[in-house]
Amino acid sequence: MKDVQRIAIVDPSDATREPLRNLLLGIESVWLEAECSRYEFFIDVAKQSSPDVVVVALDSDHAKALQLIQQLTIELPGMPVLAVSGRGDGQSILQALRAGAKEFLTAPVVLEELLTAMQRLRVSRVSADGTVVQSNGAVRSESLVVSVIGARGGVGSTGVAINLGCNLAQDPAHNVALIDLDLALGDADVALDLIPDYTLADVALNIDRLDMTFLRRSLCKHACGLSVLPHPVQMEDIALIHEDHLGRVIGLLRASYSHLIFDLSKRFTPTDLTAMRMSDAVLLVAQLDLTSLRNVVRMLHTFGQEEGLAEKIKVVMNRVGSDEGEISLKKAEETIGQPIYWQVPNDFKAMLGARNAGEPLLMHAPRSKAQLSLVGLANALCGKASHETVKRERRSFFSFR
Ligand SMILES: Nc1ncnc2c1ncn2[C@@H]1O[C@H](COP(=O)(O)OP(=O)(O)O)[C@@H](O)[C@H]1O
Ligand SMILES: [Mg+2]
């Protein structure tokens with residue numbers, strides 16, 4: 001998935017800064033990290049906001065602007081500068097490039113030229129272990145986006161989503177957000193006993209002027225470290241949330257969170273589909289009963305019709321061992337035609353107790369069977385457990401039967 005480029009601009013003139021700002025805000029893959037109207041303050045702004053690219057408009061004061069570019073190049077050598085000026089003559093271009101600018105665009109800036117320049121400046125290198133060396137020299141991980149969807153009501157998808165999120169958030173290197181996309185009946189906030197100030201409805205209402213500060217403030221942080229963006233409180237606000245909003249929000253959230261978890265509805269709404277399309281993995285939570293398995297088969301068939309979606313589906317079998325008469329794992333795998341990726345044992349006491357206490361398992365029942373399995377799931381998704389561990393886990397459950 002395409003990474004967001006974080007940009008900071010400096011232009012003392014409102015008349016030229018505004019159109020440039022609007023142009024940048026219209027680009028999906030761009031996050032406007034900071035805006036500054038004084039050349040002399042910009043070096044501090046750039047140091048604090050650490051963007052991927054800085055845009056310096058020259059025309060308010062060429063001498064000051066060129067001096068700033070020189071200073072930026074010396075003090076922040078990995079941060080490329082894009083210079084903008086209405087004077088596109090050879091002399092002006094040469095001066096900007098000599099000062100250290102990597103790209104030069106003539107004002108008024110044309111979208112196509114801006115996109116091409118941004119593309120050239122996109123020097124992020126993704127290494128084999130998934131870390132990204134950004135153009136400013138900082139190293140961060142590619143974010144992992146996971147959707148959780150259930151094969152029927154009450155199958156345990158919210159339980160998997162919130163506990164997965166909380167478990168992932170235990171690694172200090174992670175910054176994890178859960179977005180409740182069960183827009184009508186979601187209960188991630190209740191399950192974590194959170195009283196949010198903002199919901200997805202506020203984000204949707206402010207989509208045109210969404211910035212990093214607003215988006216971060218809209219998420220509610222749980223004591224365990226997980227950030228949550230709940231579904232709208234008022235049912236009538238659901239209509240405010242369009243799938244194209246979600247696309248933008250996901251793109252932006254990826255710039256500040258290492259892991260995004262979506263708790264989806266079971267209605268295959270356009271927002272559910274957008275989330276699944278933008279995910280790296282889709283956990284399809286089912287149980288060993290006929291309705292679940294039949295729906296898994298139907299869902300896999302539907303997903304199979306869209307390129308790239310079926311390969312992301314990982315079936316998570318929940319409440320394994322709950323019933324003497326349940327369908328066997330072997331039979332389930334034969335029926336759905338693909339291996340079960342993970343199993344979560346039946347653990348009524350821990351799961352229901354945690355839910356009623358409004359706490360994640362790691363706080364309510366840290367040593368419960370369900371929690372140990374969900375820690376394993378978090379590790380497996382991060383590539384911390386080998387495939388062999390997954391296989392062994394599966395075999396150990398077979399041996400129960
Ligand atoms: N592994 C499990 N063992 C026992 N009970 C579970 C398990 N997973 C979920 N539950 C229970 O099932 C109910 C529904 O779970 P929930 O996560 O809300 O499902 P969904 O989001 O799919 O509707 C909850 O009461 C929960 O405590
Ligand atoms: Mg749910």
Side-chain angles (χ1 to χ4, degrees), residues 146-167 178-194 196 199-200 222 226 228-233 235 238 261-269 271-272 275-276 282-289 291-296 299 313-324 326-327 329 332 340-378 393-394 396-397 400:
V146 180
S147 281
V148 184
I149 188 166
R152 62 164 173 78
V155 79
S157 44
T158 297
V160 167
I162 59 164
N163 287 295
L164 175 65
C166 291
N167 291 339
L178 181 138
I179 321 298
D180 193 347
L181 289 179
D182 190 350
L183 299 179
L185 301 176
D187 54 355
D189 51 342
V190 177
L192 291 170
D193 195 23
L194 292 170
T199 73
L200 260 170
H222 187 266
L226 176 69
V228 179
L229 185 57
H231 67 93
V233 179
M235 294 265 186
I238 296 169
I261 315 283
F262 301 118
D263 185 9
L264 302 188
S265 84
K266 292 166 177 93
R267 295 184 301 123
F268 282 96
T269 61
T271 42
D272 291 329
M276 286 193 276
V282 177
L283 301 182
L284 174 49
V285 183
Q287 287 184 20
L288 292 165
D289 60 68
T291 308
S292 278
L293 295 183
R294 179 168 172 270
N295 286 348
V296 170
M299 287 160 94
I313 312 288
K314 297 180 192 300
V315 177
V316 174
M317 209 48 86
N318 191 23
R319 304 196 66 170
V320 174
S322 63
D323 187 0
E324 285 281 294
E326 72 187 13
I327 296 163
L329 286 157
I340 290 162
Y341 176 76
W342 203 260
Q343 300 166 39
V344 182
N346 186 48
D347 198 344
F348 187 73
K349 196 167 158 247
M351 278 304 223
L352 194 66
R355 186 60 72 89
N356 288 340
E359 286 178 348
L361 285 170
L362 64 87
M363 287 166 85
H364 189 80
R367 275 186 284 275
S368 60
K369 284 187 296 179
Q371 168 62 0
L372 296 180
S373 161
L374 289 164
V375 168
L377 175 61
E393 177 100 341
R394 192 178 322 141
S396 71
F397 275 100
F400 273 133

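In listed order, ligands and their atoms are each counted from 1. Heavy atoms only: backbone and side chains are in, while hydrogens, waters and symmetry mates are out.
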*Answer yes or no for Gly159: is there a heavy-atom contact with ligand 1 below 4.0 Å?*
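Yes, Gly159 has a heavy atom closer than 4.0 Å to ligand 1.
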_Less than 4.0 Å is my threshold; does some heavy atom of Ala370 fall inside it relative to ligand 1?_
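Under 4.0 Å: no for Ala370.
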*Which of these, Arg152, Arg319, Lys349, Met351, has its nearest heavy atom closest to atom 26 (C) of ligand 1?*
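Heavy atom nearest to atom 26 (C) of ligand 1 belongs to Met351.
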*asked:* I want to confirm something. Looking only at heavy atoms, which of Gly156, Ser368, Ala151 is nearest to atom 15 (O) of ligand 1?
replied: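 Of the listed residues, Gly156 has the closest heavy atom.
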What pair of heavy atoms forms the shortest contact from [X] to [Y], and how long is it?
{"X": "Pro366", "Y": "Leu362", "value": "CB-O, 3.5 Å"}
{"X": "Asp289", "Y": "Ile327", "value": "C-CD1, 3.8 Å"}
{"X": "Leu164", "Y": "Ala378", "value": "CD1-CA, 3.5 Å"}
{"X": "Met317", "Y": "Gln287", "value": "SD-C, 3.6 Å"}
{"X": "His222", "Y": "Leu192", "value": "CD2-O, 3.4 Å"}

*Report yes or no: does Asp180 contribute a side-chain atom to a donor-acceptor pair with the main-chain N or O of Ala188 at less than 3.5 Å?*
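Judged by distance alone, yes, a pair lies under 3.5 Å.
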*Any sub-3.5 Å donor-acceptor pair from Trp342's side-chain atoms to Ser373's backbone N or O?*
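Yes.
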*For Asn346, take its heavy atoms, then give the atoms of ligand 1 lying under 4.0 Å from any of them.*
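Within the 4.0 Å cut-off of Asn346, ligand 1 contributes 3 (N), 4 (C).
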*For Lys266 and ligand 1, does the shortest N/O to N/O distance drop below 3.5 Å?*
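There is such a contact, yes.
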_Under 3.5 Å: N/O of Ser157 near N/O of ligand 1_ =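 Yes: some nitrogen or oxygen of Ser157 is under 3.5 Å from one in ligand 1.
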_Taking backbone and side chain together, does Thr158 place any N/O/S atom at a distance below 2.8 Å from the Mg ion (ligand 2)?_
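Yes, within the cut-off.
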So which protein heavy atom does [atom] come closest to, and at what separation?
{"atom": "atom 3 (N) of ligand 1", "result": "Asp347 N, 2.9 Å"}
{"atom": "atom 25 (O) of ligand 1", "result": "Leu352 CD1, 3.6 Å"}
{"atom": "atom 14 (C) of ligand 1", "result": "Gly154 O, 3.6 Å"}

For ligand 1, does [X] get within less than 4.0 Å through its side chain, its backbone, both, or neither, judged by non-hydrogen atoms?
{"X": "Arg355", "value": "side chain"}
{"X": "Asn318", "value": "side chain"}
{"X": "Pro345", "value": "backbone"}

*Tell me, do Leu361 and Ser368 make a side-chain contact under 4.5 Å, heavy atoms counted?*
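When only atoms from C-beta onward are counted, Ser368 and Leu361 do touch, with a gap below 4.5 Å.
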*First locate atom CZ of Arg267, then atom CG of Leu181, and finally report the distance between them rounded to the nearest 0.5 Å.*
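One gets 11.5 Å once the value is rounded to the nearest 0.5 Å.
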